[in-house]
Amino acid sequence: MSRFWSDIVHRLTPYVPGEQSAMAHPIKLNTNENPFPPSPLVVKAIRRELGDTGETLRKYPDPTARALCETVAAHHGLRIEQVFAGNGSDEVLAHVFQALLKHDKPIRFPDVTYSFYPVYAQLYGVAFEAIPLNAEFGIDIDDYRADGGAVLFPNPNAPTGRALSLAEIEALLKANPDSPVVIDEAYVDFGAESAVKLIDTYPNLLVVQTLSKARSLAGMRVGFAFGNAALIEALTRVKDSFNSYPLDRLAQAAGIAAYEDDAWFRESCAKVIASRDRLTSELQILGFEVVPSAANFVFARHPAHDAATLSASLREREIFVRHFKLPRIDQHLRISIGTDAECDALIGALRGLIVS
Ligand SMILES: *Cc1c(COP(=O)(O)O)cnc(C)c1O
């Protein structure tokens, strides 16, 4: 604390990201990174952009990331005015709070959801209402029908992994024509249907995506928003009042290449899904209750073992999973899907802790 701090800083409760371990070979199943590397085309594109001398780095990158936005627009069948690129989808979400969610009515998101949302709400002074998930940790769209404020949630939801169908998302959009509806699709490629195809029909829909999860580029920081041109213009106005160059040259080159290798992307998602199904059954054999997941993580609790204790014991064995000390979910662990070898190591360690 310091008397030099702005007033707001005293009141902030910052988001705490999952631990990035300094251990030599940790088994990292705590931040939903992809266990498989990005496409070799991505590495080539970064090398090409860098050149032998790094000459290109002398100059600022394209402030609009136009070539990247064109690639992504073509991929989704959108027009370039319907695409916004930012430094990771966290930054995109921050702009969304400021540009589109700050109105008189409190915004609505689930009580159990991405824990960055309340942090942005606090930073930007956006009031919110947390709507309880149902007993199975699902989002019930009937709870969002009243004449309320903007709606925001991940689909599939995090940290639960449960997904809504496209029909349910469409019903939600129909019920809320006068409020922005923001669908955070960080995990959509692992088992849910994207709402991008509804953008031309619903001017209140904004879809947020990232290259961090399914495209294995968490280290590059590339995220997007897709929506009606007027919504995108709002984000651009905020971005150009904040940082003109959110995406560096290497990130723009890497992002384009990531979309050019669709086969790599599909195979990587298929491997994660197969590994998730395998991990789910092995956890169930050990007595865990596992929430059905459409994401690259599972959310599980053991009826006879405290989640915080399990997480701490795994950490001693250099295996990292995520535990949230939050209401309703403090007995759950969120476990990112690793390679089969990493999942085997986790199951082996858990067996030792649970069966002994
Ligand atoms: C990982 C994640 C993000 C952030 O992704 P970045 O693009 O890496 O900033 C956004 N929303 C949800 C729900 C996530 O899990």
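As the structure lists them, so they are numbered: ligands from 1, and atoms in each ligand from 1.
The S212 neighbourhood of ligand 1 comprises atoms 6 (P), 7 (O), 8 (O), with distances under 4.0 Å to a heavy atom of that residue. Near G88, with a cut-off below 4.0 Å to any heavy atom, the atoms of ligand 1 are 7 (O), 9 (O).
Residue T210 has at least one nitrogen or oxygen atom sitting less than 3.5 Å from a nitrogen or oxygen atom of ligand 1, judged on distance alone.
Contact between D184 and ligand 1 is present, with at least one heavy atom of the residue lying under 4.0 Å from the ligand. The shortest heavy-atom distance from F116 to ligand 1 is not under 4.0 Å. Heavy-atom distances between R221 and ligand 1 reach below 4.0 Å in at least one pair. Under a 4.0 angstrom heavy-atom cut-off, G223 registers as lying outside contact with ligand 1.
Looking only at heavy atoms of the protein, atom 5 (O) of ligand 1 is closest to S89 OG, 3.0 Å. Residue, atom and distance of the protein heavy atom nearest to atom 15 (O) of ligand 1 are Y187 OH, 2.5 Å. For atom 2 (C) of ligand 1, the closest non-hydrogen atom on the protein side is K213 NZ, 2.5 Å.
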Determine, step by step, whether D184 and Y117 satisfy the side chain to side chain contact (heavy atoms under 4.5 Å, CB included) criterion, reporting the C-alpha distance in whole Å, the side-chain angles of both residues, the deciding distance to 0.1 Å, and the verdict. CA-CA 11 Å; D184 179 351; Y117 299 157; 2.8 Å; yes
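Annotation: cation-pi pair K271/F36 present, NZ/CZ under 6.0 Å from the ring centroid and within 45° of its normal. Both tests do not hold together for R162 against F137: distance to the six-membered ring centre under 6.0 Å, angle to the ring axis within 45°.
Tested against S311, the residues D306, L333, I319 include a single side-chain contact (heavy atoms from CB on, under 4.5 Å) partner, L333. When each of N228, L152, I232 is tested with L206 by the rule side-chain contact (heavy atoms from CB on, under 4.5 Å), just one qualifies, namely I232.
Between R66 and E70 there is a salt bridge, with a side-chain nitrogen of the basic residue lying less than 4.0 Å from a carboxylate oxygen of the acidic one.
Within the 4.0 Å heavy-atom criterion, the part of A186 lying near ligand 1 is the side chain and not the backbone.
Atom CZ of R145 has more than 12 heavy atoms from other residues, nucleotides or ligands within 6.0 Å. Residue E267 qualifies as open at atom CD: its count of foreign heavy atoms under 6.0 Å is 12 or below.
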